[in-house]
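Structure, as structure tokens:
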Amino acid sequence: MSPIKGTTKLLGVIGYPIEHSLSPVMQNAAIAHLGVDYVYLPFAIAPSHLKTALDGFLAIGVQGFNVTIPHKQAILPFLSEITTLAQSVGAVNTVWSTHNGWSGTNTDVIGFIKPLELYYKTWKDKVAIILGYGGAARAVVAGCVELGIQEIYVIGRDPQKLAAFQDSWRLSPLAVAVKTCPWEQLSVVLPEADLLVNTTPVGMYPHVGESPVEPAVMDKIKLGAIAYDLIYIPQTTEFLNLADARGAMILNGLPMLVQQGAAALELWLKQPVPVEIMRQSLQQYLES
Ligand code: NAP
């Protein structure tokens with residue numbers, strides 16, 4: 001990495017807590033590889049200090065930053081411009097400074113899509129099933145729409161939250177008609193799915209033996225369907241193990257994490273970034 005000098009520009013990530021963020025690892029690996037005069041730092045910002053922190057960032061000339069839990073929605077009122085995509089998702093994870101203040105977008109959507117792009121030439125006739133209706137599920141719905149998928153089912157355990165999620169998409173700038181399905185009906189719709197995405201934290205470390213889909217239900221997955229788990233620790237979850245054993249293609253959350261970070265860095269630096277270096281840095285860090 002080039003030395004930090006008087007000219008070094010500042011990037012970072014805000015969250016609370018922030019200690020577990022993997023973003024500094026991959027962003028600084030890319031910055032070092034490119035030899036650009038930047039540094040990327042983690043900032044623990046308590047919710048009550050969000051506005052003060054944003055004003056301070058402007059004052060000290062921060063160029064841009066990522067946003068993670070719990071600020072992804074809370075930051076919206078403090079931005080002078082929000083992309084239509086981020087408005088539809090209802091959350092911002094990447095912010096950059098402009099002469100008018102802060103602008104924001106959501107690179108989780110492109111992060112989700114990128115690893116899928118090679119699988120099919122067209123997604124128009126494909127069916128997606130999304131497990132969960134939280135923050136990540138919102139980026140996944142927007143990603144499915146961007147891919148061109150016309151039939152999107154969302155599965156969740158709370159009927160009221162599920163209905164609210166469905167309504168929010170109908171009313172969003174993307175005006176998407178998402179179908180919903182209670183968890184108990186998953187086995188009925190699963191045989192239709194070309195893409196099954198787990199956006200719940202079920203199976204995440206340390207609960208590594210758990211899967212959001214029971215083995216008997218996973219039996220219904222179509223041969224060659226894609227099972228995509230947004231979890232990246234562990235890299236092969238029980239959900240992916242079950243799907244793999246039934247002939248599905250499997251994909252974990254690490255490429256999405258890398259691609260959302262790469263999209264953010266590209267936006268700040270306005271130049272191509274070394275995605276493979278970012279991936280390797282994370283892989284090495286997770287294995288150490
Ligand atoms: P979130 O907003 O808290 O949403 C979690 C969702 O999972 C909610 O819909 C929740 O439903 C559901 N859920 C939780 N436990 C469940 C259970 N036992 N059975 C059924 N549904 C359950 O979290 P998030 O931010 O969307 O993140 C979700 C996962 O995605 C995490 O594992 C996170 O690490 C991962 N993620 C990965 C990336 C990446 O780049 N790879 C990016 C973002 C997120 P209720 O509301 O009913 O509890």
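Remember, it's 1-based here, ligands and their atoms both numbered in the order they're listed.
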Kindly say whether Thr107 contributes a backbone atom to a donor-acceptor pair with the side chain of Asn93 at under 3.5 angstrom? yes
Are Asp194 and Lys222 ion-paired here, with the side-chain N under 4.0 Å from a carboxylate O? yes
For the atom pair CG (Leu257) and CG (Leu230), what is the distance rounded to the nearest 0.5 Å? 10.5 Å
Are the ring centres of Phe43 and Phe65 closer than 6.0 Å? no
Any protein heavy atom at under 4.0 Å, with atom 7 (O) of ligand 1 as the reference point? yes
Quiz question for you: does at least one protein heavy atom lie closer than 4.0 Å to atom 33 (C) of ligand 1? no
Of all protein heavy atoms, the one nearest atom 15 (N) of ligand 1 is Arg157 NH2, 3.4 Å
Which atom names give the shortest non-hydrogen contact between Ile31 and Tyr38, and what distance separates them? CG2-O, 3.1 Å
Under 4.0 Å from a heavy atom of Tyr232: which atoms of ligand 1 are those, numbered in the order shown and with their elements? 39 (C), 41 (N)
Where Ser211 and Leu242 come nearest, the two heavy atoms and their spacing: OG-CD1, 3.6 Å
At less than 4.0 angstrom from any non-hydrogen atom of Leu257, what atoms of ligand 1 do you find? 40 (O)
Looking only at heavy atoms, is any part of Val202 under 4.0 Å from ligand 1, and if so is it the side chain, the backbone, or both, or is it neither? side chain
Between Gln87 (side chain) and Ile82 (backbone), is there a donor-acceptor pair under 3.5 Å? yes
shortest atom 26 (O) of ligand 1-to-protein heavy-atom contact is with Ala136 N, 2.7 Å
Output yes when the distance from some N or O of ligand 1 to some N or O of Tyr133 is under 3.5 Å, and no in every other case. yes
Considering distance alone, does some N or O of Gly134 sit under 3.5 Å from an N or O of ligand 1? yes
Less than 4.5 Å apart, any side-chain heavy atom of Leu265 and any of Leu11? yes
Given Val67 and Val13, is the side chain to side chain contact (heavy atoms under 4.5 Å, CB included) satisfied, shown in steps? CA-CA 6 Å; Val67 184; Val13 54; over 6 Å; no
For Phe112, state whether at least one heavy atom is located under 4.0 Å from any atom of ligand 1. no
Is the backbone of Asp158 close enough, under 3.5 Å, to the side chain of Tyr133 for a donor and an acceptor to pair up by distance? yes
For ligand 1, the portion of Ile231 having any non-hydrogen atom under 4.0 Å away: side chain
Which ligand 1 atoms does Lys161 reach within 4.0 Å, using its non-hydrogen atoms? 45 (P), 46 (O), 47 (O)
N or O contact, Gln260 vs ligand 1, cut-off under 3.5 Å: no
Can Ser80 and Asn100 be counted as having a side-chain donor-acceptor contact under 3.5 angstrom? no
Atom 37 (C) of ligand 1: the protein heavy-atom neighbour that sits closest, reported with distance to 0.1 Å: Leu230 O, 3.2 Å
Verify atom 23 (O) of ligand 1: protein non-hydrogen atom under 4.0 angstrom away: no
My understanding is that we take every heavy atom of each candidate and find the minimum distance to atom 5 (C) of ligand 1. Doing that for Gly253, Pro201, Gly135, which one comes out nearest? Pro201
Candidate with minimal heavy-atom separation from atom 31 (C) of ligand 1, of Met204, Met256, Gln259: Met204
At under 4.0 Å between heavy atoms, which part of Thr199 makes contact with ligand 1: side chain, backbone, both or neither? backbone
